[in-house]
Number of protein chains: 2
Amino acid sequence: MRAVPARAASAKDDVTVKLIGIFKKLIAEGALLPGGRLPAERELAETFGVSRSSLRQALKVLEIMGVISQRVGDGTYLNSGAQRILGEPMEFLILLDGISFHELMEARLIVEPALAARAADRASDEDIADIRRELIAMQTGDPSRLTAHDLLFHQAIFRAAGNRVCGQMFAVVHRSLENMIRLTSQLVTPDHTLNLHRRIFEAIRKRKPEDARRRMEEHLLDAKSLLVRAMKDREQTDRQTQIAVLSKASRRGLTARSGRKRV
Amino acid sequence: MRAVPARAASAKDDVTVKLIGIFKKLIAEGALLPGGRLPAERELAETFGVSRSSLRQALKVLEIMGVISQRVGDGTYLNSGAQRILGEPMEFLILLDGISFHELMEARLIVEPALAARAADRASDEDIADIRRELIAMQTGDPSRLTAHDLLFHQAIFRAAGNRVCGQMFAVVHRSLENMIRLTSQLVTPDHTLNLHRRIFEAIRKRKPEDARRRMEEHLLDAKSLLVRAMKDREQTDRQTQIAVLSKASRRGLTARSGRKRV
DNA sequence: GCTTGGAGAATGGTATAACCAATTCTTGCC
DNA sequence: GGCAAGAATTGGTTATACCATTCTCCAAGC
């Protein structure tokens, strides 16, 4: 056996990781400003002393996360806001941890009442106008966009609560639940949901935090039970097996029971 | 002018995005099981009809997000749990949106009292034992690991609240705040924090949700004001400018005021 | 002077080939 | 049976070439 290298191999030397770290530092230091344009890939690669392929791996990670945007023939730009930065990761989190819609609704039940109370405490007049706007849109707008406005109503409350961290997080949770929530709208009249929303809104408008918390809790508990009923109705979900080309590979090596497992 | 291609160019045709979508489907369908081993890169590339470089871009994204792990000479494996899946994205979110420690503490203030109340409602005996363990570790353990156990105490409460979504999210928030929280421990005696923790624990143990909520709020408000004091004390943070090689590039083209801006 | 083409440059997207280092598997010797 | 050397496999990295899109810029035409 050859002599074991002395250096600890625990810390990964991955070039991609290093590059991402560099970009992180650049952003933190303000060398890279939102909306700003990065040098060309070929130039960046030379600057960092890596190949273009390696650099592209790092850039791709940043693009998928929503940190940058790349356009052919144009260039690479640092995104101003982090709109959908938690989107992809959250979807994989749901997949990998096998998180059910039930648990997602639970998360809403934990957080959103608290956010509603917060909103009642410190919503500006403008915030309240925003919330009212979504309420009215649900009432008079296109019925097909009812679920969309439902969620926008909730997100307006998040903004009123004045915390972008929570806002970002639950915008993602909402998106993951959107399709399921749409199912529930067939079980009740639009007025049903609307009334519950109105009660939340009134509590916020009247600056009654504890009321807002209770109303929100009430609304989400109702939505949750509706969701359970809706899911029971359709029992089996439609399994898509579009990628036929992969069935072979999956039988061979894609499952857990393949050889060469880690000891 | 040449004839404009008829196909809408709005939907991105990015191969990497497609590949990630494929992997997502494979995981969703169960063709890929946690802990399972994926085929070799060269084989996957051939299966999907893409180059190895393109495939590697997709795999790298998944690896950074924590979905898979790659080991040289061994292979690529699907991770069982999504431990740190929101870590990187959250850090970029904080950077890009310019989220301050203040806002992070606000987020904790919104969510953690609600989680504490939840924990008081439904913690198992085992959960309570876990929380107690962290409390004792703070009391008798290594003083240098006091902050670590402080945060572990909070995360034990998250687990007791029984929601992995919230748990994942705020484990990340905690990590982002860890260094700053450590600063505050110099301003008070260990007993100070310990007592506040004990009161939260007792409320949970005695199954008093509203008490737990209040105690947690009390603790976080205290921590927040300590944090403000600590920050005032050191005023200027040490700016690290490690990547000297980049200062040139940043002066040239990395800032927002470069040419070729989007119209 | 202003608009309008069009050529050429720049840029991101992809594919191919080659080599390296780490790990695992296989083989054959003792 | 155990073990060590070599072969095969696998991810990590680099280099190069080509494509399609977009932008820049200058000259021709009005």
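Only this structure's heavy atoms are used, side chains among them; waters, hydrogens and symmetry mates stay out. A, B, ... follow the sequence lines: proteins, then strands. Residue 1 opens every chain.
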List for me each residue that meets salt bridge (Lys or Arg N to Asp or Glu O under 4.0 Å) alongside Glu178(B), sequence neighbours excluded, and say none if there are none.
Arg182(B)
Less than 6.0 angstrom separating the ring centers of Phe153(A) and Phe158(A), yes or no?
no
Which residues satisfy the side chain to side chain contact (heavy atoms under 4.5 Å, CB included) test with Arg133(B), sequence neighbours excluded?
Ala129(B), Asp130(B)
Rounded to whole angstrom units, what separation is found between the CD atom of Glu46(B) and the C1' atom of dA15(C)?
14 Å
What nitrogen or oxygen pairs link the protein and nucleotides 11-13 of chain D at under 3.5 Å?
from	atom 1	to	atom 2	distance (Å)
dG11(D)	OP1	Thr76(B)	OG1	3.1
dG11(D)	OP2	Glu41(B)	N	2.8
dG11(D)	N7	Arg42(B)	NH1	3.0
dG11(D)	N7	Arg52(B)	NH2	3.4
dG11(D)	O6	Arg42(B)	NH2	3.0
dG12(D)	OP2	Arg56(B)	NH1	2.7
dG12(D)	OP2	Arg56(B)	NH2	3.2
dG12(D)	OP2	Gln70(B)	OE1	3.1
dG12(D)	N7	Arg52(B)	NH2	2.8
dG12(D)	O6	Arg52(B)	NH1	3.1
dT13(D)	OP1	Val15(A)	N	2.9

What is the distance from CZ of Phe48(B) to P of dT14(C), rounded to the nearest Å?
15 Å
Of all pairs that satisfy salt bridge (Lys or Arg N to Asp or Glu O under 4.0 Å), the ones with a partner from residues 148-169 of chain A, not counting sequence neighbours:
Arg164(A)-Glu103(B)
Atom-pair distance (NZ on Lys18(B); P on dG13(C)), nearest Å:
14 Å
Tell me, please, which residues at least two apart from Arg145(B) pass salt bridge (Lys or Arg N to Asp or Glu O under 4.0 Å).
none
Name all residues meeting the salt bridge (Lys or Arg N to Asp or Glu O under 4.0 Å) criterion together with Glu88(B); count only those two or more places apart in sequence or in a different chain, and write none if there are none.
Lys24(A)
Spacing of Leu55(A) atom CG relative to dA15(D) atom C1', expressed in whole Å
15 Å
